[in-house]
Structures are given as C-alpha cells and as structure tokens.
Amino acid sequence: MFNSFKRKPPQISIFHHPSSPPSAKAVDLLTRAKTSPYPPTQPTASPLEYELDIVEGPPTADQLRTILSYMPSKATSPSMALLSAHPSASEASGKGVKEIAELVSRNPKALKWPVVVDWDDGKAAVGSVDGVKEILEALRRKRDEGEKEEDTKPKGWFT
C-alpha cells in the first residue's frame with residue numbers, strides 16, 4: 001500500500017548517436033556519474049542515483065515537443081535548437097517539429113547530438129556536453145540538499 005510513497009530515482013534519457021564524439025562523451029559522463037563518486041573530484045562522494053535510458057536513435061516528434069518545452073530559451077525556433085550544421089539540416093530549417101523528426105529519422109546527422117533529458121525536473125540539453133554537466137550538477141545539488149534535510153529531521157515519533 002505504501003509503495004507509492006517511496007521516492008524513486010529521476011528518469012534521465014540520452015538520445016545517442018554512437019558516431020558523434022559529444023554523444024559518446026555524454027554517455028560516458030552519465031554512466032560514470034551513476035557508478036563512481038560524483039563529483040569525481042571528491043572521492044568520498046557517493047554516485048548519483050537516477051535511472052538512465054540510453055536510446056540509440058532520435059526522439060519522436062512528441063518527445064521533441066516536450067524537450068523543446070524544457071529548453072532554457074523558449075524563444076528559439078525548433079530548427080535552431082535541434083538541427084546541426086550538416087547540409088541535410090537545411091531541408092527542415094524554419095520548419096516545425098514534425099518535419100524535423102521526419103528529417104532526423106532519415107538522416108540522423110541533421111540532429112545536434114546528444115539529446116539528454118531529465119524528465120522529472122523538466123531539463124534538457126541538446127548538442128552540449130556542458131548541458132549534460134549542468135543536469136548532473138542539478139542532481140548533485142538535489143542529492144546533497146536531501147542529505148542535509150535528513151540529518152536535521154527528528155528521528156522519533158514525538159521529537
């Protein structure tokens with residue numbers, strides 16, 4: 001009955017293209033942060049807790065819409081936020097999310113890789129390893145604040 005009250009770890013997805021160096025680096029960062037001390041400069045720190053979903057392919061049109069709503073700057077057009085400098089990307093320049101999703105499913109090089117999403121906190125990073133680091137840092141802050149709260153809470157029923 002009380003299983004719904006258990007705190008579940010955040011859900012992080014990375015839409016990954018194996019031949020993209022930034023995407024490979026982001027997968028490495030995300031897997032290391034889950035299995036090794038985070039931040040790595042603090043060997044006594046615990047790893048971050050989150051569910052990691054590695055998807056080798058582009059997001060769907062619906063996922064892209066959600067990802068765009070998570071982006072820090074809502075003013076940019078979908079093509080500016082999502083499309084790379086690859087020549088095929090010009091096909092969808094100025095188009096909507098549906099056209100972009102169709103293009104990147106045909107030609108994955110048109111998308112900025114990686115696409116990393118923290119579905120629980122509503123954060124996304126597209127084409128940026130620094131954006132992935134920001135998502136990990138937000139998870140670290142949340143973890144560290146949670147540890148401080150647990151230390152200050154009363155331990156008994158009547159304290």
Side-chain angles (χ1 to χ4, degrees), residues 7-146:
R7 197 167 53 143
K8 64 179 190 161
Q11 180 68 39
I12 307 291
S13 295
I14 177 168
F15 296 91
H16 169 59
H17 195 274
S19 67
S20 163
S23 190
K25 185 171 184 175
V27 167
D28 184 54
L29 276 171
L30 290 165
T31 53
R32 274 191 293 127
K34 211 174 140 49
T35 59
S36 302
Y38 191 86
T41 57
Q42 295 178 357
T44 58
S46 58
L48 294 176
E49 290 184 34
Y50 53 90
E51 296 293 324
L52 180 60
D53 185 24
I54 301 173
V55 180
E56 286 194 12
T60 65
D62 286 337
Q63 289 169 327
L64 286 174
R65 280 186 197 88
T66 302
I67 291 164
L68 283 169
S69 74
Y70 292 169
M71 300 284 291
S73 175
K74 310 270 191 274
T76 61
S77 72
S79 60
M80 286 180 66
L82 300 169
L83 294 178
S84 70
H86 192 268
S88 65
S90 63
E91 290 178 37
S93 182
K95 304 275 181 166
V97 173
K98 183 180 175 193
E99 292 84 2
I100 291 171
E102 290 169 1
L103 171 66
V104 298
S105 67
R106 286 191 317 271
N107 188 350
K109 291 184 179 180
L111 185 66
K112 290 179 185 174
W113 296 97
V115 178
V116 179
V117 187
D118 179 342
W119 300 106
D120 296 330
D121 275 350
K123 292 181 171 48
V126 177
S128 167
V129 174
D130 288 337
V132 176
K133 290 176 182 176
E134 289 173 16
I135 290 173
L136 289 172
E137 185 57 23
L139 289 172
R140 184 206 56 82
R141 280 192 306 272
K142 207 178 221 186
R143 175 197 67 195
D144 293 352
E145 287 170 5

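Index from 1, following the sequence.
Between Pro47 and Thr35, the closest side-chain pair of non-hydrogen atoms is not below 4.5 Å. When side chains are defined from C-beta on, Asp118 does not count as touching Tyr70, because their heavy atoms never get closer than 4.5 Å. With a 4.5 Å cut-off on side-chain heavy atoms, Leu64 and Pro58 do not count as touching. Using a 4.5 Å heavy-atom cutoff, the side chains of Ser46 and Arg143 are in contact. For the pair Ser128 and Pro22, the minimum side-chain heavy-atom distance is 4.5 Å or more. The shortest side-chain heavy-atom distance between Leu103 and Leu83 falls under the 4.5 Å cut-off.
Under 4.0 Å is where a charged nitrogen must lie from a carboxylate oxygen, and between Arg65 and Asp62 at least one such pair does. Between Glu102 and Lys95 there is no salt bridge, since no side-chain nitrogen of the basic residue lies less than 4.0 Å from a carboxylate oxygen of the acidic one.
With hydrogens and angles disregarded, no donor-acceptor distance shorter than 3.5 Å links the side chain of Glu145 to the backbone of Lys142. Between the Arg32 side chain and the Pro40 main chain, no donor and acceptor come within less than 3.5 Å of each other. Between the side chain of Ser36 and the main chain of Ala33, no donor-acceptor pair closer than 3.5 Å is present.
For the residue pair His86 and Ser84, no side-chain donor N or O sits within less than 3.5 Å of a side-chain acceptor on the partner.
Closest approach of Gln11 and Asp120 over heavy atoms only: N-OD2, 2.8 Å. In this structure, Pro37 and Gln42 approach most closely via the heavy-atom pair CB-O, 3.6 Å. Of all non-hydrogen atoms in Pro59 and Leu111, the two that sit nearest each other are CD-CD2, 3.9 Å. Pro78 and Leu68 get closest at one heavy-atom pair: CB-CD1, 3.7 Å.
Here the OG1-CZ distance, from Thr60 to Phe15, works out to 7.0 Å after rounding to the nearest 0.5 Å. Within the model, atoms OG of Ser23 and CD of Glu56 stand 8.5 Å from one another, a figure rounded to the nearest 0.5 Å. Within the model, atoms NZ of Lys34 and CD of Glu49 stand 8.0 Å from one another, a figure rounded to the nearest 0.5 Å. Distance check, rounded to the nearest 0.5 Å: CG of Leu29 to OH of Tyr38 gives 7.5 Å. With rounding to the nearest 0.5 Å, the separation of OH in Tyr50 from CG in Leu30 is 4.5 Å. Separating the OG atom in Ser20 from the NZ atom in Lys25 is a distance of 12.0 Å, to the nearest 0.5 Å.
Around NZ of Lys98, the count of heavy atoms belonging to other residues, nucleotides or ligands within 6.0 Å does not exceed 12.
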Return all side-chain donor-acceptor pairs below 3.5 angstrom for residues 130-138, not counting sequence neighbours, or 'none' if the list is empty.
{"from": "Glu137", "atom 1": "OE1", "to": "Arg140", "atom 2": "NE", "distance (Å)": "3.2"}
{"from": "Glu137", "atom 1": "OE2", "to": "Arg140", "atom 2": "NE", "distance (Å)": "2.8"}
{"from": "Glu137", "atom 1": "OE2", "to": "Arg140", "atom 2": "NH2", "distance (Å)": "2.4"}

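Using cut-offs of 30° and 60° for the angle between ring planes, the His17 and Trp113 rings count as tilted.
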Please report the C-alpha distance between Ile12 and Leu139 in whole Å, then the side-chain angles of each, then the deciding distance to 0.1 Å, and finally whether the side chain to side chain contact (heavy atoms under 4.5 Å, CB included) criterion is met. CA-CA 10 Å; Ile12 307 291; Leu139 289 172; 4.1 Å; yes
